[in-house]
J.: 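If you scroll down you'll find the structure; I have some questions about it.
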Amino acid sequence: MVERLFGTNGIRGVVNEELTPELALDVGRAIGTHMKGRVAIGSDTRTSADMVKSAVLAGLMSSGAEVVDLGMLPTPALQYFVKTNGIAGGVMITASHNPPEFNGIKAVDADGTEMPRSKEEAIESIYSSRSFAQRDWRGVGHVQKSNEAILSYHNAILGNVDVESIAKAKLKVVLDCANGAGSLSTPRILERLGVRTVTLNCNPLGTFPGHPSEPTEDHLEDLKSLVKETGADLGIAHDGDGDRTIFVDEKGRYVYGDKSLAVVASAVVKDRGGGLVVTPVSTSSCVEDAVREAGGEVAYTRVGAPIVARKMIETGAVFGGEENGGLIFPEMQFCRDGAMTAAKMIEIVTTEGPLSELLKKIPTYQLDKRKVHCAEERKERLLREVCEAYAEQRVDQTDGIKIYFDEGWTLIRPSGTEPIFRIYTEARSEEQAKKIADRCEKVVKELLED
Ligand code: MG
């Protein structure tokens, strides 16, 4: 029996409880055995970074891997280094937005993208069968430190935005890195862009003393008030490993990730004179509305950033992303990129005007979220039955079943980890969303009673 190690976000757990040095060592051995070659490693700012990284390093080297240690850096900076240095892959020690007692191990493919499931399975199979490559004293790997990754990442970002116009605009920005890995990178990018930056929680501290490292509205109260108090043009917040970015407009208002996704998607499509934007089926229709208005098209995928990235590669999309602030720019790399998102939004505000004005053009929808209990073995049949029940409607079966109505849509999706179905409904008004959700929930519950 092959043990599943990687979840949707790599391997995550509480340090020294689930994520022990023994586990990290064996995962390192399995990754090194699978990757066969030079491997890059880096970490976010968590207090356990050195412990977990050292164990993974020992495992990688015992399997013969030559390792480049990039130190502390944002996940997309490591991904960019892997992509541009022709090496076998990367390992990032991070638990992204989880609380400080967590850490994690994330594997990156040779092209810098998050590792596809098939390759994770190959690593899991090596781990479960303990068929590690075990080199003798002549064959063990070495570790070499490098501090090049951040600089080349910055150069690439600066090459993908209009630095001259940005510098001329002399914008003022408040930047909140949540004491995470973005602290090592984004303040320096903003400096090179000529943006006047007020930093908040931009010293790397793995206890996350400022606020928890998930950029939700209630964690960004200080950012919101500082934007207002300093009269800044924009507030920028990263999650713990700097692959996601959330914004605050110049009035100090939190901007939901679907809205910023729509603003950037619209600007990119306009700039390219059309093109395809890729996003998961769960994304608000405000993104499709904005993209269509700008002359582009939207393609939907199953939920998950690596799936969005793969679809973008397959279709030659101009842009893609998720509504949690994870935006993907193909001209840079096929993964969520927090600093590129920040630089792009600064460019958009510079050329198109204040964020609050841009947001006025994005339609607002209301979301109704609920869940229904459903036993694991009943899930597949329920999905089929829901599909039959809505045979007359337009449906999308990319991930669960999304049913389109005149007033909005409902997404009915089985949870991958719990015995529940999630029912997400979106409509123009709260009442409409509730009405549709009530109807769908009733249908689901009646089917379950059979
Ligand atoms: Mg993250």
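Remember, it's 1-based here, ligands and their atoms both numbered in the order they're listed.
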J.: Any chance you could measure I105, atom CD1, to L5, atom CG, to the nearest 0.5 Å?
T.: 8.5 Å
J.: Salt-bridge test for K361 and E352: reply yes if a basic N is under 4.0 Å from a carboxylate O, no otherwise.
T.: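 Between E352 and K361 there is no salt bridge, as every charged N stays at least 4.0 Å from the carboxylate O atoms.
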J.: If you look at D243, which of its N/O/S atoms is nearest to the Mg ion (ligand 1)?
T.: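 The D243 atom nearest to the Mg ion (ligand 1), restricting to N, O or S, is OD1.
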J.: Measuring from the Mg ion (ligand 1), name the closest N, O or S atom belonging to D239.
T.: OD2
J.: When you check the gap from the basic side-chain N to the acidic O, do E314 and R310 get nearer than 4.0 Å?
T.: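 R310 and E314: not salt-bridged.
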J.: Angle at the Mg ion (ligand 1) between OD1 of D241 and OG of S96, to 10°?
T.: 90°
J.: From H34 NE2 over to K119 NZ, what is the distance, rounded to the nearest 0.5 angstrom?
T.: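 Those atoms lie 5.5 Å apart.
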